[in-house]
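These notes concern the structure reproduced below.
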Amino acid sequence: MSIRRKRQRPVTSRAIIAFDLDCFYASVAIRARPHLKDKPVVIVQKHLCVTSNYVARSRAKGAVQKMTPVSHALQKCPELVCIDGSDLTPFREASLEVVTAIRAWLADRAREAAAMSNTKPPFCACQRLGFDEVFIDVTELALSEIENGGAPFLFRGHVFGRTDDDELRRLLMVASQLSHQLREYLIAKTQLTLCAGISHSKQLAKLAVNMNKPNDQTVFLPDQSAEYLKTLSPRALQGFGHGTHDKIITWTKHNGKHEGIETVADVLQLFGDGQDGIRRLGTILGNEQHALHILNLCRGVDHTEVLDSGDAPKSISAEDSCRSCTTMEDVSRRLVVQITRLVSRLRSDGQLFSRRPRALSVSYRFRGDGFVGTSRSVPMPTEIVSVCCSQQNKAIPKAIESIKKTALSVLKEHAGVQEGRTFDLTLLAVGASNFSDSDSFKGNGLTTDISEFFIGKAKRIDSGKKKSSGTLHHSQTPTGVSNHVQRTDSKERSTPEAEVRCPICNSKLSGDNLMQNNHIDKCLKSSCTKRDKSAGSVKRARKSLGTRTLDSYFSKRLQR
DNA sequence: CTGGGGTCCT
DNA sequence: AGGACCC
């Protein structure tokens with residue numbers, strides 16, 4: 001297995017950038033539909049608006065926030081353009097496009113710095129958080145540019161706080177220059193805007209990123225960060241989730257301290273008295289390490305490293321939530337949709353990363369279970385191998401069938417979901433994990449870093465000048481170019497074309513692998529959006545408002 | 001009316 | 001396998 005994380009040296013002073021793409025889903029959707037640029041747009045999943053653009057936010061006067069019901073949003077802003085976002089593929093691709101561009105820019109910049117100082121290029125770890133945030137540790141690159149001289153003695157963008165540490169100030173000045181230039185590059189290259197926060201820890205960088213929005217950046221100089229933090233809600237600290245919040249609240253109520261914990265200062269007052277406080281909080285949380293981490297965060301202390309995410313995800317899953325699913329027919333139908341989406345993504349993943357999953361997880365939730373579901377892991381049916389490693393599209397229906405059979409037996413044996421039993425499911429999900437490299441990847445001496453492997457592979461493929469038709473349309477980077485790998489060992493090339501049917505529409509597929517890929521991709525997309533419930537949700541919401549016509553944009557969009 | 005994803009730790 | 005966290 002390749003190394004997917006690089007440890008930074010234990011430095012006393014670091015320069016960390018937090019990037020956050022502005023209203024990411026909305027921006028990606030509008031980029032693909034330029035005519036919507038000046039319209040109020042929301043991205044809809046089921047009955048919820050998950051993101052909106054700034055036009056919608058100002059038009060609805062702040063009433064269209066994250067996770068507002070579509071009906072509520074339409075009351076505030078009837079002209080809202082709703083775009084279905086239940087298929088994350090375009091957002092996942094755009095996210096990969098951005099992080100790939102970031103890596104490429106940093107590598108270029110590192111090479112330049114290395115050339116000047118005649119040293120090896122400084123490495124910048126990049127860590128993704130969700131699809132729209134990236135942490136970058138630019139310490140080594142910034143230090144290298146300072147040593148080389150010529151880096152301006154000047155901050156770029158907003159500056160918050162102060163510091164007496166001259167070296168840190170210098171480091172963050174250079175980091176703010178890097179951040180600004182990298183942002184300009186990303187905006188020009190991807191047409192997506194983003195904010196940046198720059199500081200000496202992940203925590204403060206992340207707090208800084210939200211200080212000037214959108215499309216701007218802020219340096220957080222940390223000398224008085226502790227005082228600033230005390231005024232915030234503890235929930236603003238990354239790592240202080242609602243579980244932690246609830247446990248502390250429960251404890252305070254149980255112990256007659258009804259003050260609550262409105263601010264970080266409140267938390268420190270309860271547990272900030274040294275070892276004893278750590279132990280008490282550790283008992284409440286059931287984890288002393290976590291307690292220590294939380295209390296450090298409250299004081300502005302965060303030594304968390306930026307861990308490089310690597311290129312390949314560790315798990316891939318497809319899920320579907322529904323209000324009610326009570327028959328085997330319904331289970332089967334929903335399962336097949338999600339499995340088809342999963343297999344399609346595994347096919348692309350196999351092309352990109354020469355690997356296949358060994359574990360299949362099946363997750364489900366019954367009505368009344370609240371938010372927690374159950375998941376079971378079983379060996380991935382071996383039929384997936386020819387889909388991922390040999391890229392045999394005619395093997396797709398068999399793989400889907402086999403995974404469906406396995407998933408149904410898991411549901412039957414572990415959840416009692418079977419014919420003749422009554423049940424009501426509100427969530428069905430299938431996932432793939434525990435990836436193993438395919439044989440062609442082994443024993444070739446390239447065991448260090450997967451990105452190096454792809455850069456080399458991409459060059460070889462690029463010289464063949466095969467046009468990319470995969471799902472990474474925007475990417476012009478090595479990773480994107482390598483999307484379609486010609487495999488001489490594929491049996492599909494040597495055997496005469498057997499009948500291949502589209503697993504979605506069941507029509508006969510002609511043409512080569514490439515054309516089949518295109519058809520399946522297109523068919524998959526339309527099948528998944530057509531049966532999506534958000535269309536009905538928006539229709540109902542509009543109807544209840546008395547608006548007769550569905551926005552023409554919206555109806556068009558849902559067909560795609 | 002809580003999406004559709006991900007990560008890591010225990 | 002579940003539970004915490006993140007978006």
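Note on naming: letters A, B, ... go to the chains in the order of the sequence lines (proteins, then strands), and numbering restarts at 1 for each one. Note: hydrogens, waters and symmetry copies are ignored here, and every other heavy atom, side chains too, is used.
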- Query: Picking from C:dC7, B:dG4, B:dG5, which would you name as closest to the side chain of A:K206?
  - Reply: C:dC7

- Message: Please pick, from C:dG2, B:dG5, B:dG4, the nucleotide with the shortest atom-to-atom distance to any side-chain atom of A:R376.
- Response: C:dG2

- Base, sugar-phosphate alone, or nothing: which one does A:A429 contact when heavy atoms must sit under 4.0 Å apart? nothing

- Between B:dG6 (C1') and A:D132 (CG): distance, integer Å: 12 Å

- Query: When A:K202 is tested against each of A:Q238, A:H303, A:Q127 for side chain to side chain donor-acceptor pair (under 3.5 Å), which residue passes?
  - Reply: A:Q127

- Item | Separation of C:dC6 C1' from A:D20 CG (nearest whole Å) | 12 Å

- Please determine if a side-chain N or O atom of A:S317 lies less than 4.0 Å away from the OP1 or OP2 oxygen of B:dG6. yes

- Taking only N and O in the side chain of A:R341, is any of them less than 4.0 Å away from OP1 or OP2 of B:dG5? yes

- Message: Taking 4.0 Å as the cut-off, does a side-chain nitrogen or oxygen of A:N287 come that near to OP1 or OP2 on C:dA4?
- Response: no

- Please tell me which of A:D320 and A:G286 maps to the more 5' nucleotide of DNA chain B, matching each residue to the nucleotide holding its nearest heavy atom. A:D320

- Between A:H293 (NE2) and C:dC5 (P), how many Å, whole number? 12 Å

- Task: Could you check A:S315 against A:Q289 and say which one's nearest nucleotide on DNA chain B is further toward the 5' end?
- Result: A:S315

- Message: Please classify the nucleic acid contact of A:I43 as base, sugar-phosphate, or nothing, using heavy-atom distances under 4.0 Å.
- Response: nothing

- Query: Residues two or more places apart in sequence or in another chain: which of them pass side chain to side chain contact (heavy atoms under 4.5 Å, CB included) with A:Q191?
  - Reply: A:R31

- May I have the distance from A:L281 (atom CG) to C:dA4 (atom C1'), rounded to whole angstrom? 14 Å

- Task: Classify the nucleic acid contact of A:S377 as base, sugar-phosphate or nothing, counting any heavy atom under 4.0 Å across all strands shown.
- Result: sugar-phosphate

- Task: Rounded to the nearest angstrom, tell me the gap between atom CZ in A:R365 and atom C1' in C:dG2.
- Result: 15 Å

- Item | Working for side chain to side chain donor-acceptor pair (under 3.5 Å), residues A:T426 and A:R365 | CA-CA 6 Å; A:T426 60; A:R365 191 213 300 141; 3.0 Å; yes

- Can you tell me how far C1' of C:dG2 sits from NE2 of A:H414, to the nearest Å? 15 Å

- Query: Would you say a side-chain N or O of A:H290 is under 4.0 Å from OP1 or OP2 of C:dC5?
  - Reply: no

- Message: Once you apply a heavy-atom cut-off of 4.0 Å, does A:E319 come out as touching a base, just sugar-phosphate, or nothing?
- Response: base

- Message: Can you tell me if A:R235 touches the phosphate of C:dC5, counting only side-chain N or O atoms and a distance under 4.0 Å to OP1 or OP2?
- Response: no

- Message: Between A:R92 and B:dG4, is there a contact of a side-chain N or O with OP1 or OP2 at under 4.0 Å?
- Response: no

- How about A:L88 and A:F131: do any of their side-chain heavy atoms sit closer than 4.5 Å? yes

- Item | A:M67, nearest nucleotide to its side chain (from B:dG5, B:dG3, C:dC7) | B:dG3

- Message: If you compare every side-chain N and O of A:T374 against the phosphate oxygens of C:dA1 (OP1, OP2), does one of them come in below 4.0 Å?
- Response: no

- Query: Hey, does the side chain of A:K314 come within less than 4.0 Å of B:dG6's phosphate (OP1/OP2), counting only N and O?
  - Reply: no

- Is the distance from OP1 or OP2 of B:dG5 to the nearest side-chain N or O of A:R345 less than 4.0 Å? yes

- Starting at atom CG of A:L129, determine the distance to atom P of B:dT7, rounded to an integer number of angstrom. 11 Å

- A:N212 side chain to A:T218 side chain, donor-acceptor N/O pair below 3.5 angstrom: yes

- Message: For B:dG4 and A:S321 - does any side-chain N or O of the residue sit under 4.0 Å from the phosphate oxygens OP1/OP2?
- Response: yes

- Query: Among the nucleotides B:dG3, B:dG4, C:dA4, which one has an atom lying closest to any side-chain atom of A:H47?
  - Reply: B:dG3

- Message: I want to know whether A:F160 and A:Y228 have ring centres closer than 6.0 Å.
- Response: yes

- Task: Give a yes or no answer on whether the side chain of A:S344 reaches the backbone of A:T340 with a donor-acceptor pair at less than 3.5 Å.
- Result: no

- Task: Find the distance A:L74:CG to B:dC1:P and express it as a whole number of Å.
- Result: 18 Å

